[in-house]
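Following: one structure in structure tokens, then a few remarks.
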2 protein chains.
Amino acid sequence: MLPTEEKLDPRVKRTRGLILQSFGDLLAEKSFDAISVQDVAEKAQINRATFYAHFEDKYALLDHSIRQGFMQEIENRMLNACHYTPDNLRTLIITVCEFLAQLGTDCAQSQRQFEPLVEKQVKLQVYELLTLWLSKMNVNISTEIPATVAAWAIYGLASYWSHSKKRPALEKFVDQALPLVSVNLEQFAQVA
Amino acid sequence: MLPTEEKLDPRVKRTRGLILQSFGDLLAEKSFDAISVQDVAEKAQINRATFYAHFEDKYALLDHSIRQGFMQEIENRMLNACHYTPDNLRTLIITVCEFLAQLGTDCAQSQRQFEPLVEKQVKLQVYELLTLWLSKMNVNISTEIPATVAAWAIYGLASYWSHSKKRPALEKFVDQALPLVSVNLEQFAQVA
DNA sequence: TTGGATAAACAACAACTGTTGTAAAATTTA
DNA sequence: TAAATTTTACAACAGTTGTTGTTTATCCAA
């Protein structure tokens with residue numbers, strides 16, 4: 001993965017910042033599928049070959065961008081410093097729902113490549129967080145399968161909610177959704 | 001979607017058959033990401049512009065191919081003529097696991113575009129099948145959320161199993177997996 | 001301060017994509 | 001059977017991608 005930012009050559013830092021900023025600006029203007037590497041390089045005012053020195057292709061750029069953006073949401077809510085409780089699980093479900101709503105993912109044809117990549121990164125991070133939480137619970141049970149099921153269920157629910165035409169209130173939706181996820185994690189719940 | 005095959009111009013039928021056959025042959029030779037529309041057209045011995053008359057791009061071709069392939073597996077097991085029971089659910093989970101294993105999906109870099117598309121189509125079909133099953137159960141509960149959670153959980157489990165380095169025996173794995181899915185569908189189980 | 005190392009710019013290349021208008025071939029319809 | 005319609009082939013076009021070797025600019029370390 002990328003080296004820590006503290007040890008970066010300032011030119012690398014500046015160029016990556018330009019790329020990510022331009023990419024974000026372009027995403028606000030048009031759909032991901034309509035954006036070309038050429039577009040990003042031009043907006044960032046760098047050479048196209050320089051883009052390829054930093055990112056393999058535009059999909060790698062999106063992966064990085066989404067991962068960073070979702071990580072920020074997790075850190076803002078200090079979810080990465082938590083352990084498993086139903087309340088934390090509830091907050092996590094809300095976070096994913098809000099993140100997808102804010103991205104404006106929809107089924108538009110022009111978004112065909114965008115959503116699967118968002119999904120992959122967010123699911124992975126949710127899985128990693130759940131695994132971190134569950135492994136703190138001092139329960140001698142493998143976390144892999146429960147964390148997998150919970151992560152996929154959370155994303156599936158969030159995707160369903162963000163795609164709903166008449167979107168129910170998020171709090172109410174999460175009231176319905178939470179039991180379907182927590183039921184498989186009860187064995188990790190701390191005895192109070 | 002495509003009109004029924006009975007009413008097709010024979011040239012369309014022939015051309016589509018050539019495209020799908022050639023695509024299947026190419027998938028046996030190299031990864032999806034390495035296959036170009038040019039490759040498929042050459043192997044099918046059709047003009048590249050004719051390819052575009054039938055499929056929007058190679059992703060649409062893959063969507064179609066996967067949907068058809070998985071549909072065949074469902075029909076072979078007559079799962080589309082069933083209603084919800086834990087045994088049928090078990091068979092469905094096994095079907096998805098075997099389908100993914102047979103496709104040889106892995107995390108190879110060269111498969112980056114393949115797996116998300118497979119996932120999307122298979123999840124959708126699993127969701128549609130579950131919705132069909134649950135709606136036959138004469139239970140006055142909305143099927144949408146339970147079917148969503150179950151479909152995503154099934155695919156997540158199958159993906160996890162097919163990616164496992166030391167893959168456990170499928171029967172044993174499904175023994176572990178089934179309760180995590182069925183727990184959310186118990187309200188639809190028929191009172192015997 | 002200077003030399004070495006690294007990052008970025010540049011031009012060029014081959015390949016592929018997606019599209020278009022025209023022509024030929026094949027099928028359908030009357 | 002012949003005309004109409006549809007499908008496919010074709011060539012051409014503009015655009016983008018991914019890569020490469022060379023040059024220039026910038027940073028780091030001694």
Side-chain angles (χ1 to χ4, degrees), chain A residues 1-23 26-27 29-65 108-114 117, chain B residues 1-23 26-27 29-65 108-114 117:
Chain A
M1 190 47 82
L2 308 177
T4 59
E5 293 235 334
E6 297 98 282
K7 297 277 190 179
L8 280 181
D9 189 297
R11 295 170 295 182
V12 169
K13 202 167 167 175
R14 180 182 68 90
T15 301
R16 284 228 176 104
L18 287 170
I19 293 173
L20 288 164
Q21 181 60 51
S22 301
F23 184 53
L26 285 167
L27 279 174
E29 289 168 24
K30 54 184 178 177
S31 67
F32 173 74
D33 291 37
I35 295 168
S36 65
V37 168
Q38 184 89 355
D39 288 334
V40 179
E42 278 171 10
K43 196 162 184 82
Q45 288 181 312
I46 62 168
N47 193 266
R48 194 164 58 82
T50 304
F51 176 96
Y52 288 108
H54 290 269
F55 295 96
E56 184 183 7
D57 53 24
K58 72 174 190 176
Y59 308 108
L61 175 57
L62 181 62
D63 282 350
H64 179 81
S65 186
Q109 185 68 357
S110 61
Q111 293 284 61
R112 285 169 73 208
Q113 307 251 322
F114 183 71
L117 292 163
Chain B
M1 189 45 86
L2 308 177
T4 59
E5 292 235 337
E6 299 98 279
K7 298 278 189 179
L8 280 180
D9 187 296
R11 296 169 296 180
V12 169
K13 202 168 165 175
R14 179 181 67 93
T15 302
R16 286 224 175 106
L18 286 169
I19 293 173
L20 286 162
Q21 181 61 52
S22 300
F23 184 52
L26 286 166
L27 279 173
E29 288 169 22
K30 55 183 177 177
S31 69
F32 174 74
D33 291 36
I35 294 169
S36 65
V37 169
Q38 183 87 357
D39 288 334
V40 180
E42 279 172 8
K43 196 161 186 82
Q45 289 181 312
I46 64 168
N47 193 265
R48 194 167 58 85
T50 303
F51 176 98
Y52 287 108
H54 290 271
F55 296 95
E56 183 182 8
D57 52 25
K58 72 173 189 178
Y59 308 107
L61 176 57
L62 181 62
D63 282 349
H64 180 81
S65 185
Q109 186 66 358
S110 61
Q111 294 284 61
R112 283 169 74 209
Q113 307 250 324
F114 183 73
L117 293 163

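A note on names: the letters A, B, ... follow the listed sequences, proteins ahead of strands, and every chain is numbered from 1.
Between B/Asp57 and A/Arg112, at least one side-chain N (NZ, or NE/NH1/NH2) sits under 4.0 Å from a carboxylate O, which counts as a salt bridge.
Between A/Asp9 and B/Ser36, it is A/Asp9 whose nearest contact on DNA chain C lies nearer the 5' terminus. Comparing A/Ile35 and B/Ile46 by the nucleotide of DNA chain D that holds the closest heavy atom to each, the one mapping nearer the 5' end is B/Ile46.
Distances from the side chain of A/Ala49 to the nucleotides D/dT8, C/dA11, C/dG18 place C/dA11 closest. Here the side chain of B/Tyr52 is nearest to one of D/dT17, C/dG18, D/dA9, namely C/dG18. Checked against D/dA9, C/dC10, C/dT19, the side chain of A/Asn47 finds its nearest nucleotide in C/dC10. Nearest to the side chain of B/Pro10, among C/dT28, C/dT17, C/dC10, sits C/dT28. Picking from D/dT19, C/dA7, D/dT7 the nucleotide with the shortest atom distance to the side chain of A/Val12 gives C/dA7. Of the candidates D/dA12, C/dA9, D/dT17, the closest approach to any side-chain atom of A/Val37 belongs to D/dT17.
Per the geometry, CZ belonging to B/Phe51 stands 15 Å off C1' belonging to D/dT8, to the nearest Å. Between B/Glu42 atom CD and D/dA9 atom C1' the separation is 15 Å, expressed in whole Å. The CG atom of A/Asp39 sits 11 Å away from the C1' atom of D/dG15 (whole-angstrom rounding). The CG-P distance, from B/Asp33 to C/dT17, rounds to 13 Å in whole Å. Atom CZ in B/Arg11 sits roughly 8 Å away from atom C1' in C/dA25 (whole-Å rounding). Protein atom CZ of A/Phe55 is 11 Å distant from nucleotide atom P of C/dA8, rounded to whole Å. Taking atom CZ of residue B/Arg14 and atom P of nucleotide C/dA25, one finds them 14 Å apart after rounding to whole Å. Protein atom CG of B/Leu18 is 14 Å distant from nucleotide atom C1' of D/dA9, rounded to whole Å.
The main-chain N or O of A/Ser36 is never found under 3.5 Å from a side-chain atom of A/Lys58 such that the two would form a donor-acceptor pair.
Other residues, nucleotides and ligands place more than 12 heavy atoms under 6.0 Å from the CD atom of B/Glu29.
Side-chain atoms of B/Asp63 and B/Glu56, non-hydrogen and from C-beta on, never get closer than 4.5 Å to each other.
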